Q: 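Structure provided below as structure tokens; questions to follow.
In this text, all values refer to a predicted model and were calculated from it rather than measured experimentally. Values reported hereafter were calculated over all heavy atoms of this structure, with side chains retained and with hydrogens, waters and symmetry mates removed.
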Amino acid sequence: MKFFISDTKKLEHKYGKWFWYADSECSLYANNKHFVIYAGYTIGGETIEQIIQRDPQELEKANGTYWAVIMTEESCKVIVDYFCQTKIFYRRNNAIEISNALYLFPFTSKDVDRQEVEKRLTISSDKKEYQPTESFEKWETMVLDWGYASSPSLGVRQYSPSMCRTVFKDTYLLQPDHCLIATDEINIQRIHDTQKWITDSLRTKHQMTREQIQTEIHRCMKEHADLIKTKYKNIVSSLSEGIDSVLQDQYFPDAEKIMYDFQPSNAPFTYKQKAIDNTKNKKCKVDKFVLDKDVIEKTASTVMNDPSCFYWDTLPSQQQLHNLQVKPDILMYGQNGDNMFMHKPFFYYEYMFTKQIPKDIPVKQKLFEFNRTLENFQDCYSSVNNIWDRPATTWQEAFPDMTQEQLIEELENDPADAYIDDFAKKNTPGLYNREVSHAGDVLVTSLFCDKRIFTLVMSAKDDIMLESIMDAKIQKDILEKKFNYQYETPHKDQAEFNAVHIIKPMYVSTIRHCLQDHLEQEA
């Protein structure tokens, strides 16, 4: 599923000014106006082939999982799907080069940005000694800050242009929400504004009932899944005990299942086993991911091929994909589930905190009122990030990084809808799929990456939205009503491990990998 485009490096194929390479998993289309290299699919109406044959520029507004390179004699445009499920890299120095595989660029050791590498390898003593106690995301928030983006939200940080640098000189990752247009130079052009879309959705409420929302989400997920099952034969579903994974997997009963389990475990295997027992064939390939420094170092060195990898917690999935005997045509992964349904403690805390703002009571009393809202949250699915965590019972536990004075200032000065901006930052998609896709050279998708349904819960009436935030009500109801599935996992299952052991071997091995001449071998 790899391509490489250059205006200088001579390759076997050429269109206009562009030398190009595409492997056998890419699709090709040409007419008298342009030549298109593409992969993936569109949903909600026309096929990707129909759109490309009429006008490939319309892929800017399409829905699905895809990428496309549109060449004319003098220009080259690259478009990825709305949820950015494929990485696109480009280099501009004395040449223009574009690819969806970083290791296809003809890098030499002189191209390595050693200052950038050193910056990323510099880890303070406190981070080296860190032991995960809350969630892997907390660890990411600590370590994956290269000094370019200040937002605490991982999704928002990935959407920042400053996070699109790589460890190679003059080489960049295409910024989400943008397309690439190359002529004699490369221009990056905005075509979407995801954070604005999310903010607008949170501010503009529709009047659909809970049942109507469930029906629409199920309809779209089923239609999406049916299209995938029609187009692709070898489908692999990444399964866990989490509700996003379990719900998505119901639409692929015949797909091969894969699952990983930390050793030592981060949660009781009981609920993973229940997820397996509820599959059609009661079969799932379960791999042990050993949380040992030497093992993690070796795994990272062996399976990772991308020094721009941001979500290191995809390493177990990268390993599983690497170890499969037959590469799948498509991998089902859970990107956007947390964002779409907002079932994380953060959302409840933020929402209930701002609900105290308009109350006509002393400001310190508002903090005690917030504590009371936590009582209703104790047994809910979203009350913790991991099954073995303890739910917060006080504002101090809910907001450990905030002082009482800071919270009082917010209660006195913020508007009652202040949660919306915080939600929008947190809801900006975390781009996991493209990490696994690059590692395994395979199309990776999610039924939650669907523009038709992504904001349906965000724009629902407050009581319906809150039910989803607290206890994944909409998803549980779909499982029960559409699949006769009684979901039993009590809380979220967010994975965690100390990723500091990945850093050096990952950069050393992936940079070395990228310095090999893979393009010559491929072509």
Side-chain angles (χ1 to χ4, degrees), residues 1-11 13-23 26 34-40 56-57 59-60 66-82 84-108 110-113 116 146 148 158-192 305-310 431 434-435 437-438 441 510-511 513-515 517-519 522-523:
M1 205 182 65
K2 301 183 292 291
F3 74 85
F4 180 81
I5 309 292
S6 175
D7 64 349
T8 55
K9 182 174 176 59
K10 291 181 171 52
L11 299 169
H13 303 290
K14 189 178 185 185
Y15 183 85
K17 65 182 284 187
W18 308 105
F19 294 98
W20 64 271
Y21 161 77
D23 68 19
C26 299
H34 42 240
F35 173 61
V36 184
I37 305 172
Y38 67 98
Q57 307 293 337
L59 288 174
E60 285 188 7
Y66 56 86
W67 56 263
V69 181
I70 307 165
M71 285 178 272
T72 68
E73 295 286 330
E74 299 295 329
S75 69
C76 178
K77 183 173 183 177
V78 184
I79 300 171
V80 296
D81 63 76
Y82 190 96
C84 202
Q85 294 170 87
T86 302
K87 289 188 172 185
I88 302 295
F89 299 94
Y90 61 94
R91 179 160 70 157
R92 47 186 179 193
N93 43 23
N94 296 322
I96 291 175
E97 295 170 333
I98 309 165
S99 180
N100 61 348
L102 187 58
Y103 51 82
L104 288 187
F105 286 82
F107 293 130
T108 68
K110 293 180 180 179
D111 293 311
V112 178
D113 189 335
E116 182 70 19
W146 302 323
Y148 316 137
Q158 278 198 290
Y159 278 66
S160 166
S162 58
M163 292 298 286
C164 296
R165 295 179 62 174
T166 72
V167 295
F168 295 100
K169 298 173 184 176
D170 304 307
T171 307
Y172 302 88
L173 179 61
L174 179 61
Q175 185 182 354
D177 279 348
H178 292 68
C179 70
L180 180 154
I181 302 173
T183 51
D184 293 330
E185 58 183 23
I186 291 178
N187 292 301
I188 306 304
Q189 183 179 95
R190 178 176 289 278
I191 54 176
H192 310 300
N305 61 16
D306 176 15
S308 75
C309 183
F310 182 81
L431 307 178
R434 66 181 189 170
E435 307 283 20
S437 178
H438 190 283
D441 182 31
T510 55
I511 290 172
H513 183 76
C514 289
L515 292 179
D517 194 349
H518 297 278
L519 184 59
E522 296 264 354

Q: Excluding sequence neighbours, so at least two apart, what forms ring pair (Phe, Tyr, Trp, His ring centres under 6.0 Å) with H13?
A: W20

Q: Any sub-3.5 Å donor-acceptor pair from Y66's side-chain atoms to L59's backbone N or O?
A: yes

Q: For a quick test of reading the model, state the closest non-hydrogen atom pair linking P176 to R434 and the distance between them.
A: CG-NH1, 4.3 Å

Q: How many angstroms lie between atom CZ of F4 and atom NZ of K9, to the nearest 0.5 angstrom?
A: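 The CZ atom of F4 sits 7.0 Å away from the NZ atom of K9.
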
Q: If we ignore hydrogens and angles and just use 3.5 Å, is the side chain of N305 paired with the main-chain N or O of H438 as donor and acceptor?
A: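 Yes: the side chain of N305 pairs with the backbone of H438.
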
Q: Considering residues at least two apart in sequence or located in another chain, which fulfil the salt bridge (Lys or Arg N to Asp or Glu O under 4.0 Å) criterion with D81?
A: none

Q: Do T183 and E74 come within less than 4.5 Å of each other through their side chains, counting heavy atoms only?
A: no

Q: For the atom pair CD1 (I79) and CD (Q189), what is the distance rounded to the nearest 0.5 Å?
A: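 Output value for this atom pair is 9.5 Å.
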
Q: Which atom pair, heavy atoms only, marks the closest approach of Y21 to E522?
A: OH-OE1, 2.8 Å

Q: Could you list the residues that satisfy side-chain contact (heavy atoms from CB on, under 4.5 Å) with A182, not counting sequence neighbours?
A: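 side-chain contact (heavy atoms from CB on, under 4.5 Å) check on A182 returns W18, C76, I96, I98, L180, I186.
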
Q: Applying side-chain hydrogen bond (donor to acceptor under 3.5 Å, both in side chains), name anything that partners D441, two or more places apart in sequence or on another chain.
A: K2, K327

Q: Ring centroid separation for F107 and H518, is it under 6.0 angstrom?
A: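 They do not qualify: ring centres at least 6.0 Å apart.
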
Q: Applying salt bridge (Lys or Arg N to Asp or Glu O under 4.0 Å), name anything that partners E60, two or more places apart in sequence or on another chain.
A: K77

Q: Distance from L519 atom CG to S6 atom OG, nearest 0.5 Å?
A: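 Going from CG on L519 over to OG on S6, the span is 9.0 Å.
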
Q: Only counting residues at least two apart or in another chain, list the ones meeting side-chain hydrogen bond (donor to acceptor under 3.5 Å, both in side chains) with N93.
A: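 Per chain and number, N93 pairs via side-chain hydrogen bond (donor to acceptor under 3.5 Å, both in side chains) with no residue.
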
Q: Between atom NE2 of H192 and atom OH of Y159, what is the distance when rounded to the nearest 0.5 Å?
A: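 Answer for the NE2-OH pair, H192 versus Y159, is 9.0 Å.
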
Q: Would you please name every residue forming a ring pair (Phe, Tyr, Trp, His ring centres under 6.0 Å) with F3, sequence neighbours left out?
A: W67

Q: Residues two or more places apart in sequence or in another chain: which of them pass side-chain hydrogen bond (donor to acceptor under 3.5 Å, both in side chains) with T72?
A: S75

Q: Can you sort out the partners of R91 under salt bridge (Lys or Arg N to Asp or Glu O under 4.0 Å), two or more places apart, ordered by chain and number?
A: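 Only E97, D111 meet the salt bridge (Lys or Arg N to Asp or Glu O under 4.0 Å) criterion with R91.
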
Q: How many angstroms lie between atom CD1 of I511 and atom CZ of F168, to the nearest 0.5 angstrom?
A: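 Result: 5.5 Å between the selected atoms.
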
Q: Roughly how far, to the nearest 0.5 Å, is CG of L173 from CE of M163?
A: 10.0 Å

Q: Does the pair I5 and I37 meet the rule for a side chain to side chain contact (heavy atoms under 4.5 Å, CB included), with working shown?
A: CA-CA 10 Å; I5 309 292; I37 305 172; 4.1 Å; yes

Q: With sequence neighbours excluded, what pairs up with F19 under the side-chain contact (heavy atoms from CB on, under 4.5 Å) test?
A: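 Scan of F19 (side-chain contact (heavy atoms from CB on, under 4.5 Å), adjacent residues dropped) gives K10, L11, K14.
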
Q: Taking only residues two or more places apart in sequence, or in another chain, which ones meet K87 in a side-chain hydrogen bond (donor to acceptor under 3.5 Å, both in side chains)?
A: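 Result, side-chain hydrogen bond (donor to acceptor under 3.5 Å, both in side chains) vs K87: D306, S308, E435.
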
Q: Are the side chains of N100 and V69 in touch, meaning some heavy atoms are under 4.5 Å apart?
A: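 No, too far: nothing below the 4.5 Å cut-off.
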
Q: With side chain to side chain contact (heavy atoms under 4.5 Å, CB included) as the test, would you mind laying out the steps for Q85 and S437 before giving the verdict?
A: CA-CA 8 Å; Q85 294 170 87; S437 178; over 6 Å; no

Q: Quick one: which residue pairs count as a side-chain hydrogen bond (donor to acceptor under 3.5 Å, both in side chains) with a foot in residues 167-179, not counting sequence neighbours?
A: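 Listed by first then second residue: D177-T194.
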
